[in-house]
Number of protein chains: 2
Amino acid sequence: MYQKKIPLTLECGLHLFMQVMNGKWKISLIWSIYNGIARPGEIHRKLSDASRRVLDTQLNQLVDHGLLLKKVYDQRPLKVEYELTELGKSLIPVIKSTARWGEENRAVLEKKILPNGG
Amino acid sequence: MYQKKIPLTLECGLHLFMQVMNGKWKISLIWSIYNGIARPGEIHRKLSDASRRVLDTQLNQLVDHGLLLKKVYDQRPLKVEYELTELGKSLIPVIKSTARWGEENRAVLEKKILPNGG
DNA sequence: TTTGATACGGATAAATTTAGCCCTACTTGT
DNA sequence: ACAAGTAGGGCTAAATTTATCCGTATCAAA
């Protein structure tokens with residue numbers, strides 16, 4: 001983790017959200033775990049476009065930020081499972097409403113965002 | 001603007017949101033304009049922590065993404081004003097609910113996010 | 001004892017974003 | 001003529017994030 005040289009001030013609550021959600025795969029990770037795909041191996045297989053290393057790093061960040069809890073089962077073979085903390089769960093409605101906005105405007109947004117969409 | 005080498009799939013509406021909001025100062029820009037601080041000079045002065053160059057770039061991206069409209073008045077001296085498009089306005093409730101989440105969890109989030117907050 | 005599954009992290013390269021510097025052009029006021 | 005305000009972009013450096021590579025360890029099964 002790095003500190004920004006010119007830090008984002010956190011005066012606005014939205015910045016706090018962006019701060020913890022900042023990371024290419026974090027939404028996918030949260031969503032995946034919310035939907036029960038919670039073990040590292042499963043997650044890696046599901047998000048196979050991402051490098052394992054980055055997923056691990058971002059999972060750690062989500063744990064550090066208090067959104068995920070990492071459960072290490074004391075059993076052999078080793079088993080690890082992530083779950084949402086209360087803070088993480090409280091994010092779900094926010095994610096949903098934000099996702100809804102995206103869906104409602106998908107047509108226009110894709111045109112704008114995608115390379116060929118100019 | 002760059003294309004990601006490993007592009008984020010946009011299957012989830014939240015990704016669309018993150019895509020257009022991705023940029024260190026974009027939320028501040030949207031918020032500023034929503035609150036009537038809409039001229040480049042004003043914006044630069046208000047967000048004086050950010051480099052003018054980056055603010056300009058991100059304003060352009062917001063225009064490209066259809067969230068802002070740039071109005072150039074045909075008058076001397078030159079006057080420019082940004083305003084939210086319908087798409088941009090539709091983002092306001094989303095931003096607000098997201099900001100609310102941040103505020104409600106500010107105490108715990110700041111502890112987690114800030115460097116000294118371990 | 002080799003293969004493959006589980007899981008994790010250091011070190012470094014590549015990609016991307018942000019910041020800084022310098023330049024243009026027009027207009028108003030000194 | 002010169003300074004200061006309006007607005008804006010090219011270019012490059014610095015910072016940050018993401019990706020790749022390689023190595024660790026344990027356990028089960030062949």
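Please read these numbers as outputs of a predicted model, since none were measured by experiment.
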Item checked: Pairing residues for A:Glu42 by the side chain to side chain contact (heavy atoms under 4.5 Å, CB included) criterion, not counting sequence neighbours -> A:Ile37, A:Arg39, A:Arg45
Could you tell me the separation between the [atom1] atom of [X] and the [atom2] atom of [N], rounded to a whole number of Å?
| X | N | atom1 | atom2 | value |
| --- | --- | --- | --- | --- |
| B:Lys71 | D:dA7 | NZ | C1' | 17 Å |
| A:Arg76 | D:dA25 | CZ | P | 15 Å |
| A:Asp64 | C:dG9 | CG | C1' | 14 Å |
| B:Leu59 | D:dG9 | CG | P | 10 Å |
| B:Asp49 | C:dG20 | CG | C1' | 15 Å |
| A:Lys24 | D:dA19 | NZ | C1' | 9 Å |
| B:Leu62 | C:dT17 | CG | P | 14 Å |
| B:Asp74 | D:dA7 | CG | P | 15 Å |

Which residues pass the side-chain hydrogen bond (donor to acceptor under 3.5 Å, both in side chains) test with [X], not counting sequence neighbours?
| X | result |
| --- | --- |
| B:Lys89 | B:Glu86 |
| A:Asp56 | A:His44, A:Arg52 |
| A:Lys71 | A:Tyr73, A:Glu83 |
| B:Asn35 | B:Trp31 |

Check: Which part of the nucleic acid, if any, lies within reach of A:Arg53 when heavy atoms closer than 4.0 Å are counted: base, sugar-phosphate only, or nothing?
Finding: base
Notebook entry, point to check: Counting any heavy atom closer than 4.0 Å, what does A:Gln58 reach on the DNA or RNA strands: base, sugar-phosphate only, or nothing?
Noted result: sugar-phosphate
Margin query: Using side chain to side chain contact (heavy atoms under 4.5 Å, CB included), reason through A:Asn22 and A:Gln61 one step at a time and then give a plain yes or no.
Written below: CA-CA 10 Å; A:Asn22 185 18; A:Gln61 289 169 1; over 6 Å; no
With the criterion being N/O to N/O and under 3.5 Å, what pairs connect the protein with nucleotides 6-8 of chain C, and how long is each?
residue : atom : partner : partner atom : Å
C:dT6   : OP1  : A:Arg45 : NH1          : 3.1
C:dT6   : O3'  : A:Arg39 : NH2          : 3.4
C:dA7   : OP1  : A:Arg39 : NH2          : 3.4
C:dA7   : OP2  : A:Gly41 : N            : 2.9
C:dC8   : OP1  : A:Lys70 : NZ           : 2.4
C:dC8   : N4   : A:Arg52 : NH2          : 3.1

Notebook entry, point to check: Hey, does B:Thr98 have a side-chain heavy atom less than 4.5 Å from the side chain of A:Met18?
Noted result: no
Notebook entry, point to check: For C:dT17, does OP1 or OP2 lie under 4.0 Å from any side-chain N or O of B:Trp25?
Noted result: no
